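Heads up, the thing below is written out as structure tokens.
FYI, side chains are in, hydrogens and waters are out, and symmetry mates aren't considered; it's all heavy atoms of this structure. Throughout, numbering of the chain's residues begins at 1 and tracks the sequence. Each ligand, and each atom within it, is numbered from 1 in the order the structure gives. Note that this is a predicted model, so its numbers are computed, not measured.
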Amino acid sequence: MEIKNDKKKIKVNLDGPYTVSGLIPLFDQIMVPDEEGLSTSWKIGKKYPIKQEYELCRCGQSKDMPFCDLTHNEIFFDGTETASRKPFIEQIEPETVGPELVMTDVVALCADARFCDRAGGAWDNTRASNNPEAKKIAIQEVYDCPAGRLVMHDKNGKLLEPKFPPSLGLVVDPVKKVDGPIWVRGGIPIEAADGSIYEIRNRVTLCRCGKSSNKPFCDGKHEDGS
Ligand code: FES
């Protein structure tokens, strides 16, 4: 999929913050759980003033969250980028094939948002996608996956993807009582510290706790506590 936002960009700074440029909206994005703690929907929380450029903390230690206050220098933050540079399609693990839908999966990108577990789970719902209700739930479970770990196609190979305007959501997980990653939506280019551009995608999550083993992307480590 090709998505262009020429002036919008997120720059990953060496052992430092993300520099966000291009008037990209920023707001808290809260996970709404069911009684089992499985995520069912998203709701928008605090909205931050839209600025031409701002710096978001990547080390997890700022006292001015979500913004960088230079604490990364005091703690000698190691923000080394370790994520694969391969495109998503080259990292896919075995696909889940159903009668109407095919779901692809790259586990390394999981941000543990748990939208894929409700109502039997995205895998079983994909396998049962000749049932209209299961099909609808499977697609929504994939659409709600902030990390873009899960990607859905129909049986003809057509990509099914939500339409997102470029924006950043600061994930809040009220069940685990932690702040999650930065949900990057709408194909905003992400530039590595070395100047290369990661594959441009509609949905990805960036680490903002500093603990991911798959930097700059989230791998769910924010749940580990400090
Ligand atoms: S990256 Fe600067 S304070 Fe966290």
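- Within the 4.5 Å cutoff, the side chain of T71 has no heavy atoms near those of the F77 side chain.
- Looking only at side-chain heavy atoms (C-beta outward), M31 and W42 come within less than 4.5 Å of each other.
- Take a cut-off of 2.8 Å around atom 4 (Fe) of ligand 1: the protein N, O or S atoms inside it are C57 SG, C59 SG.
- With hydrogens and angles disregarded, a donor-acceptor distance shorter than 3.5 Å links the side chain of R208 to the backbone of V171.
- The side chain to side chain donor-acceptor pair (under 3.5 Å) test with S167 is passed by exactly one of Q29, K8, R185: R185.
- Looking only at atom types and distance, the side chain of T96 has no donor-acceptor partner in the side chain of D105 under 3.5 Å away.
- Within the 3.5 Å criterion, the main-chain N or O of P216 finds no donor-acceptor partner in the side chain of R58.
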